[in-house]
Number of protein chains: 2
Amino acid sequence: MNQWFNEELDEQYFDLGARVSIKIGETLFEGQSDFQKLQIVKTPNFGNMMILDGAVMLTEANEFAYHEMIAHIPLFAHPNPKRVLIIGGGDGGAAREVLRHACVEECVMVEIDGLVVEKSREFFPTIACELDNPRLTLLIEDGIKYIENAQNEFDVILIDSTDPAGPAEGLFTADFYKKVNNALKVDGLMAAQAESPYYFQKTQKELFGVLNGIFPYTTMYLSAIPFYPSGTWSFAFASKDYSEISHARVVDLEKMTPSLQYVNPALFRGCFALPNFIKKIIA
Amino acid sequence: MNQWFNEELDEQYFDLGARVSIKIGETLFEGQSDFQKLQIVKTPNFGNMMILDGAVMLTEANEFAYHEMIAHIPLFAHPNPKRVLIIGGGDGGAAREVLRHACVEECVMVEIDGLVVEKSREFFPTIACELDNPRLTLLIEDGIKYIENAQNEFDVILIDSTDPAGPAEGLFTADFYKKVNNALKVDGLMAAQAESPYYFQKTQKELFGVLNGIFPYTTMYLSAIPFYPSGTWSFAFASKDYSEISHARVVDLEKMTPSLQYVNPALFRGCFALPNFIKKIIA
């Protein structure tokens, strides 16, 4: 029998007063790692769903709207991304999209929680499908510690984290983003998942306060993701030199578009067009 | 005590498997009109909320994302909108935004359900605030019957309806849109609320099949609306002559932007940049 899963975000962190609610069937896995509680359940209409600490991470049906956007917007904004770092992203979806770019010679993915990777291989084979790609270096360790030792190494860095409570808390600090800045090459750029502009404005203001103090160029872009709170999700874009447009590989993006479900050249520009109330958050 | 309101859409129409869930407090009004069940409730975080036949229509906190987008995109796309027709829109939000345009000499609003208008005046004063504007002609009658007698009269028509089940069912048919076409001037254009591109693709394909057969130019644009299913909502844009850009009043939009929460010139263009899976729906 199906039942309703209600995201526990509201009870855990603050009185948001709105919650994600999805019909679910059989539980495929439930377990506690050293870092968080992992649940994988079937849904009748959206494929398998991953839940971390009570918050929906992804469904098979809609994950493209997150993974294409966190990867392709920064990668197509960079004129020649050869070395890419992913912090987090244990399901493998961001890595899958990064590795579509033939110019990427090495993608290093640093995920703190080996259980997420292991169970993604088992229950999300279409998402974890590139985790054995020879161009991928997969490390199960703390991304914050990893990045301390990286200097001038990466063209693009993606911060594919959970919410800023629990294991990802350190990924929203000035200290961390200074290290990201150091790990990027002189013309490097980064993207980070940055929560909902409707519900998490305090987090966003703090994050952009940090980024604006470190990077010469920062902005935000949006994606429409049904099972994240409010249905609209944001990504921070921060760069040492290039804007999102100045060196964009538009011809390459045109070539890849037929194989994508979300991103295309018009959307690449359109996703940076922010409603007025969101522009105020990041100013 | 607060409790959770869960949208009944799922039970009423089809097994969607996802639902809107919002914390609510006191019920301010509950009643049955000749057309639908109307509920108005307080929410702890999003102001008063209107519910029609179990589906969330609006909250005070987020209504701007719907009303600005249904009104300003078509009105700024038209070079000189003098006469505007709204079908539906009983809460008054679309009319409020239309009447911001000084060039609009008359806005006719035809709402079938007088109870919605009456209770909006009472419980949503910041939304219904322009219903007594002398440039507004408010008619409580069936929009489908009204439009039969309108020929070559309007520059812009807005279809601000509920879902295509219940009283708004007739607003999604070819017969209705032929009448809309006749009611528009030779250079007229229209916008209609067009459901969620994640969840209601069948309805959208049928609607765009109809519009593509009647209007020379059709496209879709998107808004981020937290309490509508999936959080992403679409509007159909259909025109006899002008594209959304060809005759757009960009300078006027720039002037109005400081007083708006959502729409600005970049967003006016960006909202038409559709993800690939949505482009396929409307092709």
Side-chain angles (χ1 to χ4, degrees), chain A residues 2 4-7 10 14-25 43-46 59 61-62 64-65 68-69 196-199 221-233 257-280, chain B residues 2 4-7 10 14-25 43-46 59 61-62 64-65 68-69 196-199 221-233 257-280:
Chain A
N2 295 325
W4 288 101
F5 164 82
N6 299 308
E7 188 161 286
D10 208 81
F14 46 83
D15 185 25
L16 178 59
R19 64 184 181 183
V20 171
S21 189
I22 305 172
K23 211 172 273 184
I24 60 171
T43 73
N45 297 345
F46 304 103
T59 65
N62 296 323
F64 67 88
E68 287 191 18
M69 289 298 281
S196 161
Y198 274 102
Y199 294 162
Y221 62 96
L222 301 176
S223 183
I225 305 176
F227 297 140
Y228 284 176
S230 87
T232 296
W233 214 247
T257 295
S259 70
L260 299 174
Q261 291 178 266
Y262 203 94
V263 181
N264 58 59
L267 188 125
F268 179 89
R269 286 172 178 263
C271 69
F272 290 94
L274 304 175
N276 300 340
F277 79 99
I278 301 178
K279 289 171 85 169
K280 283 180 190 160
Chain B
N2 295 326
W4 288 101
F5 164 82
N6 298 308
E7 187 161 287
D10 207 82
F14 46 82
D15 185 25
L16 178 61
R19 65 184 181 183
V20 171
S21 190
I22 306 172
K23 211 171 273 185
I24 60 171
T43 73
N45 297 346
F46 304 103
T59 66
N62 296 322
F64 68 86
E68 288 192 16
M69 289 298 279
S196 162
Y198 275 102
Y199 293 162
Y221 62 95
L222 301 177
S223 183
I225 305 176
F227 296 140
Y228 284 177
S230 87
T232 296
W233 213 247
T257 295
S259 69
L260 299 175
Q261 290 178 267
Y262 202 94
V263 181
N264 58 59
L267 188 125
F268 180 89
R269 286 172 178 265
C271 70
F272 290 95
L274 304 175
N276 300 339
F277 79 99
I278 301 179
K279 290 172 84 168
K280 284 180 189 160

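Naming convention: chains lettered A, B, ... in sequence-line order (proteins, then strands); numbering from 1 in each chain.
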Report which part of [X] has an atom under 4.5 Å of a heavy atom belonging to chain A: side chain, backbone, both, or neither.
X: B:S196; result: neither
X: B:T232; result: side chain
X: B:K279; result: side chain
X: B:F268; result: neither

Review point. Can you name the side-chain contact (heavy atoms from CB on, under 4.5 Å) partners of A:Y262, sequence neighbours left out?
Key: A:F64, A:A65, A:E68, A:M69, A:S223, A:A224, A:L267, B:Y198, B:P275, B:F277
Exercise for review: List the atom of B:A273, the atom of A:A266, and the distance in Å for their closest heavy-atom pair.
Suggested key: CB-O, 3.4 Å
Revision key, fill the gap. Smallest heavy-atom separation, A:F227 atom then B:A18 atom, equals CE2-CB, 3.7 Å
Point to revise | Min side-chain heavy-atom separation A:P226-B:Y199 under 4.5 Å | key: yes
Where does [X] contact chain B at under 4.5 Å (heavy atoms): side chain, backbone, both or neither?
X: A:L274; answer: backbone
X: A:Y228; answer: neither
X: A:F5; answer: neither

What distance separates [X] [atom1] from [Y] [atom2], expressed to the nearest 0.5 Å?
X: A:S230; Y: B:N62; atom1: OG; atom2: CG; value: 8.5 Å
X: B:R19; Y: A:I22; atom1: CZ; atom2: CD1; value: 10.5 Å
X: B:N276; Y: A:L260; atom1: CG; atom2: CG; value: 6.5 Å

